[in-house]
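Fair warning: this is a prediction, and the values are worked out from it, not measured in the lab. Each chain gets a letter, A, B and so on, in the order its sequence line appears, and its residues count up from 1.
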2 protein chains.
Amino acid sequence: MRIAELSQKTGVPVPTIKYYLREGLLPPGELTSPNQARYDDRHVQRLRLVRVLLDIGRLPIATIRDLLLALDQPDPDVHQVLGEALPSTVSARATNEPGMTEAARVRIDELVARRGWLVGQNAQARQAAAEVLAAFEQVGADVADLLEQYADVAERIAVHDLQFVGRAPDAEGKLHAAVVGSILGDSLLAALRRMAQEHESAKMFGIRGDDC
Amino acid sequence: MRIAELSQKTGVPVPTIKYYLREGLLPPGELTSPNQARYDDRHVQRLRLVRVLLDIGRLPIATIRDLLLALDQPDPDVHQVLGEALPSTVSARATNEPGMTEAARVRIDELVARRGWLVGQNAQARQAAAEVLAAFEQVGADVADLLEQYADVAERIAVHDLQFVGRAPDAEGKLHAAVVGSILGDSLLAALRRMAQEHESAKMFGIRGDDC
């Protein structure tokens, strides 16, 4: 198909597609003349993935490029991608007071050790968790209980997530599932959590008559 | 304290503080002369909260202003804030194919009804969940199982979250805890989830010797 049809099929404007081509988010089409290229269903799929990572994941272009590069490796190492590419989609940077993030990092490292989690020392998620924990403390919240409860829940989610990944038939499918599941999963979980909070809050604080 | 000291205490540059004052994210200080104002510890606290919502929550200025307005209500209705102000912090907008989001919305509504969740028909999180569900399908992922598993997990997290909110002594403290817990909680959960995924992945796909 021509670029106009690719645009029509995906709802992505032609200039935006050209931008993704220049940025390496979309592989070039097959040249049919010096000024024209042909695209296929793999471009449609890739374009949808890029949009989802941008729209829902709100990931920076550079992070998406890294994830796509990992997806395009022949014979990919699933664990390596999960361990190296995906953590860059969780980052937190807060203007915490000096020393607070370091102290929080020690608490996160202790949590990881206590639970026997196999997580690289330099995993970005360790530092992200420490930044968020320090931010909680920065605004005066005591989250000791919450941290353990969330870690319990995270273990349970991760089992579901890896089952979801494991259902894909080959390494390429597993990676795709890992990327999509991790990024979209954060947003799905946040939306479901907000609904469940509203429900719990209605039970705890009472509901307005006009709303449910 | 003068604005310079407020800046020093919080690490936020003076021009940024002035910007927050103009945008209504920070209440004005007490004027001590036509060109000088005095700030107190409440400004320090508020400034830290604003930074956390910006840095970790990555919320738009307008959303933060709404949340702070709700926090500043005398005799606040905790459930109303949870139900109205907070959902605006979960939004998703994807370039899904026509009809896909509508179909996904029906599935989310069915999930809410099946579980007996007390969630307003117009709750933003319903639509956000539908957008994410449609995005999953857009990239070819079957998430029927995952949706139920995540909903189970969301119910559990919400109970922890409302316990966290309930521990605050008064309505103002509860609101503060609800805002902080919801926003920072999303990020903390995402970071812990990523670590737990790395752990599960290491168990499932094997680990590299140099990393743990």
Rounded to the nearest 0.5 Å, what separates atom [atom1] in [X] from atom [atom2] in [Y]?
X      : Y      : atom1 : atom2 : result
B/E137 : A/L184 : CD    : CG    : 11.0 Å
A/L162 : B/Q197 : CG    : CD    : 7.0 Å
B/D186 : A/D186 : CG    : CG    : 8.5 Å
A/E131 : B/D55  : CD    : CG    : 9.0 Å
A/E148 : B/H160 : CD    : NE2   : 11.0 Å
B/Q138 : A/R51  : CD    : CZ    : 10.5 Å

Most heavy-atom pairs under 4.5 angstrom with chain A, which of B/G116, B/G181, B/A151?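 The residue among B/G116, B/G181, B/A151 with the greatest pair count is B/G181.
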
[Y] side chain reached by [X] side chain, heavy atoms, under 4.5 Å:
X      : Y      : answer
B/F164 : A/D145 : no
A/L192 : B/W117 : yes
A/R156 : B/R156 : yes
A/R193 : B/D161 : yes

Checking heavy atoms, do the side chain of [X], its backbone, both or neither come under 4.5 Å from chain A?
X      : answer
B/M204 : side chain
B/V112 : side chain
B/A177 : neither
B/I108 : side chain

Tell me if the CD atom of B/Q8 is crowded by more than 12 foreign heavy atoms within 6.0 Å.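 No, because the 6.0 Å sphere around CD of B/Q8 holds 12 heavy atoms or fewer from other groups.
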
If you count every heavy atom of other residues, nucleotides or ligands that lies below 6.0 Å from B/R42 atom CZ, does the total exceed 12?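 Check fails, neighbour count at 12 or below.
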
So A/L146 and B/L188, side-chain contact (heavy atoms from CB on, under 4.5 Å) or not? Walk me through it. CA-CA 10 Å; A/L146 215 55; B/L188 185 60; 5.7 Å; no

Least distance between heavy atoms, A/A196 atom then B/A154 atom: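 That closest heavy-atom pairing would be CB-O, 3.5 Å.
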
Taking every non-hydrogen atom, the tightest pair across A/V119 and B/M195: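 Nearest heavy atoms, A/V119 then B/M195: CG2-O, 3.4 Å.
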
Look at the side chain of A/Q149 and the backbone N and O of B/I157, then say whether any donor-acceptor pair between them is shorter than 3.5 Å.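 Here the side-chain-to-backbone pair does not exist.
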
Has the side chain of B/E198 got a donor or acceptor atom that lies under 3.5 Å from a matching backbone atom of A/G120?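 The answer is yes, because a donor-acceptor pair under 3.5 Å joins these two groups.
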
With sequence neighbours excluded, what pairs up with A/E23 under the salt bridge (charged side-chain N to carboxylate O under 4.0 Å, His left out) test?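 Salt bridge (charged side-chain N to carboxylate O under 4.0 Å, His left out) list for A/E23, sorted by chain: A/R65.
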
Are B/R167 and A/D142 within salt-bridge range, i.e. N to O under 4.0 Å?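 Here B/R167 does not pair with A/D142 in a salt bridge, since their nearest N and O are not under 4.0 Å apart.
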
Determine the option with the most heavy-atom pairs under 4.5 angstrom with chain B, choosing from [options].
options                : value
A/V180, A/L49, A/L147  : A/V180
A/H199, A/R115, A/E155 : A/H199
A/A168, A/G185, A/G166 : A/G185

Examine whether an atom of A/R48 lies under 4.5 Å from a heavy atom of chain B, and if so say whether it belongs to the side chain, the backbone or both; otherwise answer neither.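 Backbone plus side chain of A/R48, per the 4.5 Å heavy-atom cut-off to chain B.
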
Starting from the C-alpha separation in whole Å, work towards a yes-or-no answer on side-chain contact (heavy atoms from CB on, under 4.5 Å) for A/E200 and B/V159. CA-CA 7 Å; A/E200 279 301 314; B/V159 171; 3.7 Å; yes

